[in-house]
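Here the structure is a predicted model, which means the values were calculated and not measured. One-based numbering, in listed order, for ligands and for the atoms of each.
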Amino acid sequence: MRSLAVMAALALLAPAVAEAASPRLVKVPATTRAERARIASWGMEVVEAQESHLTIALQPDKSFTPQVNRELSTIPGVQVLSEDVDEMFRQVVGKAADAGLYHTYEEAKADLTDLATRFPAIASMQSLGKSVEGRDIIALKITGPNASGHHKPVFLFMGCHHAREWISVEVPLAIAKNFCENYATDAGLKALIDSREIWVCPMVNPDGLTYSQNNYKYWRKTRQKNANGTFGVDPNRNYGYKWGTAGDSGNPDSDTYRGTAPFSEPETQNIRDFAKNHLLTTSISFHSYGERVMYPFSYGYVQTPDDALFKNMSVKMAALNKYQPHQSVDLYPSSGDTDDHLYAEAGAMAFTFEVGRTFIPSESEIAKICADNVKAVRLLVEQGAEPFPFLKHTPPAAVAGTLSMSATFDRAHHPTVNPVEVKLHVANGAQIQEVAMTADAANPDVFNGTLQGAPISQPGTPVEYFFTLKDKDGHVVRVPRLSNFTAAASPSAPTALLAPPAGHLMQMLGF
Ligand code: 0X9
Ligand code: ZN
């Protein structure tokens with residue numbers, strides 16, 4: 001380790017460097033939120049964050065400006081961890097042209113194609129769009145048959161927003177493999193896969209991954225050609241919610257460059273469009289490193305209204321992979337990240353995991369990192385099917401005869417969804433009776449419906465029912481998604497009127 005003075009002197013002596021000059025890695029003590037936020041606001045990449053310090057990457061000709069130099073010289077205890085981060089990478093992964101056990105884009109594509117070929121009943125290859133350089137954003141869709149035609153809860157597991165975070169490709173690939181290969185023998189997993197859609201997208205930024213593996217290991221961003229001739233936008237600063245407000249940079253040269261506008265990049269547009277078009281329910285974006293389970297918000301010191309739910313789910317997942325659960329911003333603020341958008345603008349329960357303890361873990365560590373995270377993912381798939389129900393509804397205490405129900409569309413969580421039809425469905429033995437609900441004149445998000453002669457054949461037997469909501473794109477979402485509401489039937493309900501034989505009600509009414 002070297003002192004800051006040595007580093008500064010080296011920086012001053014540094015000749016004009018090419019785009020791919022390797023940064024220095026510097027550990028900066030920062031024990032308070034305010035100190036960490038101040039350092040992150042310089043717009044450099046925060047490689048690792050702890051409650052005690054931030055490790056930042058200083059690019060000799062870019063982010064390591066005289067001003068940053070001055071700022072750093074006022075902080076005691078700054079350490080240079082490495083003069084050449086790319087060299088650190090090369091030591092781990094070797095100098096071989098291929099990526100060793102780590103997957104290249106083509107290898108990952110071949111692996112997913114192989115799963116789709118071996119498990120055609122449940123797995124299919126999909127593309128979520130194209131990268132800047134025209135690569136398909138490949139995804140494996142894993143789900144069982146859909147008998148009801150109702151929209152299933154949609155899970156998305158993403159890897160490789162950041163090019164050099166190779167382990168973040170491996171974890172989604174391991175999820176896909178584990179789910180496909182155990183479907184036939186693990187009844188619990190089969191039930192999950194049959195009732196949900198699980199999308200695995202191991203490379204959101206395949207151009208960056210390829211560049212990192214072939215040219216420059218320490219590459220982070222996409223391969224967008226910027227107006228000033230430099231390359232790359234940080235995809236985890238380019239999502240639209242609170243874009244450009246914290247912990248990013250407007251300098252195209254910077255490793256945390258936010259791009260020219262919210263969603264200026266195809267890589268982030270692809271994920272935005274997928275979430276909107278598929279009514280995304282729950283997601284994890286894998287990054288490295290730090291062994292953390294994080295949840296929104298990232299952009300500032302603001303808790304979501306769902307903080308308790310996020311915390312609860314994070315703690316449960318973190319118990320399985322032994323990571324640390326916390327809100328993203330706790331370490332430092334950064335805007336334009338995946339989760340802030342997916343939660344605030346697409347109504348998804350969105351997490352970011354930082355996996356592993358180093359940049360690129362040694363090959364011998366890959367299997368355990370994957371296995372630990374697959375456990376956490378399975379728990380999320382079990383418990384995360386309906387974090388934010390489309391309709392809010394409280395079952396009535398007792399139902400007698402006429403069944404009148406009210407349900408309220410949760411527009412706050414689903415701002416882009418437009419309900420065009422809401423129905424009430426009541427179980428009547430093996431039959432389901434349904435009735436259209438009408439929007440309240442005073443509040444179009446409140447839907448009311450009445451089922452005359454509701455099917456209560458036995459006084460005291462609970463009535464089972466659910467709702468469906470059809471959106472303008474034709475998705476029909478069931479609420480609750482995987483069970484029924486139940487309402488107690490009033491013990492005094494006159495049974496004769498409640499369970500008329502077919503046609504009886506019509507006769508009574510004189511038709
Ligand atoms: O800075 C990022 O985009 C993520 N870290 S990484 O080292 N993988 O680049 C962190 C995303 C979560 N956001 C905050 N902690 N603010
Ligand atoms: Zn990352």
Ring centres of Phe388 and His414 under 6.0 Å apart?
no
Could you tell me, atom by atom, which parts of ligand 1 come under 4.0 Å of a heavy atom of Ser334?
13 (N), 14 (C), 16 (N)
Do Gln303 and Gln327 have a side chain donor and acceptor closer than 3.5 Å?
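Note: Gln303 and Gln327 side chains miss the donor-acceptor criterion.
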Derivation and outcome, salt bridge (charged side-chain N to carboxylate O under 4.0 Å, His left out), residues Lys177 and Asp111:
CA-CA 9 Å; Lys177 193 164 183 291; Asp111 275 21; over 6 Å; no
Salt bridge (charged side-chain N to carboxylate O under 4.0 Å, His left out) partner of Asp234, chosen from Arg258, Arg220, Lys221:
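The passing option is Arg220.
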Between Ser124 and Gln126, is there a side-chain donor-acceptor contact under 3.5 Å, judged purely by atom types and distance?
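Indeed, the side chains of Gln126 and Ser124 share at least one donor-acceptor pair under 3.5 Å.
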Thr32 and Glu35: side-chain donor and acceptor closer than 3.5 Å?
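Side chains of Thr32 and Glu35: pair found under 3.5 Å.
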Parallel, tilted or perpendicular, as decided by the 30° and 60° cut-offs, for the rings of Tyr343 and Phe297:
perpendicular
Which residue in the set Phe157, Phe274, Phe155, Phe179 passes ring-ring contact (aromatic ring centres under 6.0 Å, His included) when paired with Trp199?
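Going through Phe157, Phe274, Phe155, Phe179 one by one, the ring-ring contact (aromatic ring centres under 6.0 Å, His included) with Trp199 is satisfied by Phe274 alone.
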Could you tell me if Asn238 and Ser264 have a donor-acceptor pair between their side chains, going purely by distance under 3.5 Å?
yes
Side chain, backbone, both or neither: which part of Val47 comes within less than 4.0 Å of ligand 1 when only heavy atoms are counted?
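Under 4.0 Å from ligand 1, Val47 contributes backbone atoms alone.
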Of all the heavy atoms in Arg220, does at least one lie under 4.0 Å from an atom in ligand 1?
yes
Angle class for the His162/His287 ring planes (parallel below 30°, perpendicular above 60°, tilted otherwise)?
perpendicular
Taking N or O atoms only and a 3.5 Å limit, does Tyr289 qualify as a polar contact for ligand 1?
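Between Tyr289 and ligand 1, no N or O pair is found under 3.5 Å apart.
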So, 4.0 Å and heavy atoms of Arg237: is ligand 1 close enough to count as a contact?
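For ligand 1, residue contact (heavy atoms, under 4.0 Å) with Arg237 is present.
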What are the atoms of ligand 1, with element, lying closer than 4.0 Å to any heavy atom of Glu354?
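Once the distances to Glu354 are compared, the set is 4 (C), 5 (N), 6 (S), 7 (O), 8 (N), 10 (C).
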I need the protein N, O or S atoms closer than 2.8 Å to the Zn ion (ligand 2), given as residue plus atom name.
His162 ND1, Glu165 OE1, Glu165 OE2, His287 ND1
State the atoms of ligand 1, each with its element, that fall below the 4.0 Å cut-off from a heavy-atom position in His287.
8 (N)
Is the closest heavy-atom distance from Ser288 to ligand 1 below 4.0 Å?
yes
Is the ring centre of Phe263 less than 6.0 Å from the ring centre of His341?
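Ring centres of His341 and Phe263 closer than 6.0 Å.
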Closest to atom 13 (N) of ligand 1 by heavy-atom distance, out of Pro296, Ser298, Gly336, is Ser298
Can you name the atoms of ligand 1, numbered from 1 with element, that are less than 4.0 Å from a heavy atom of Asn236?
2 (C), 3 (O), 11 (C)
Is Val46 touching ligand 1 with its side chain, its backbone, both, or neither, if touching means heavy atoms under 4.0 Å apart?
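Contact part for Val46 vs ligand 1: backbone (N, CA, C, O).
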Do Tyr211 and Phe231 have ring centroids that are under 6.0 Å from one another?
no
side-chain hydrogen bond (donor to acceptor under 3.5 Å, both in side chains) partner of Thr143, chosen from Lys152, Arg196, Glu197:
Lys152
Taking only non-hydrogen atoms of His162 and a 4.0 Å limit, the atoms of ligand 1 in range are 2 (C), 3 (O), 8 (N), 9 (O)
If you count the atoms of ligand 1 from 1 in the order shown, which ones are under 4.0 Å from a heavy atom of Met294?
12 (C)
With heavy atoms under 4.0 Å as the rule, classify the contact between Tyr332 and ligand 1 as side chain, backbone, both or neither.
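Under 4.0 Å from ligand 1, Tyr332 contributes backbone and side-chain atoms.
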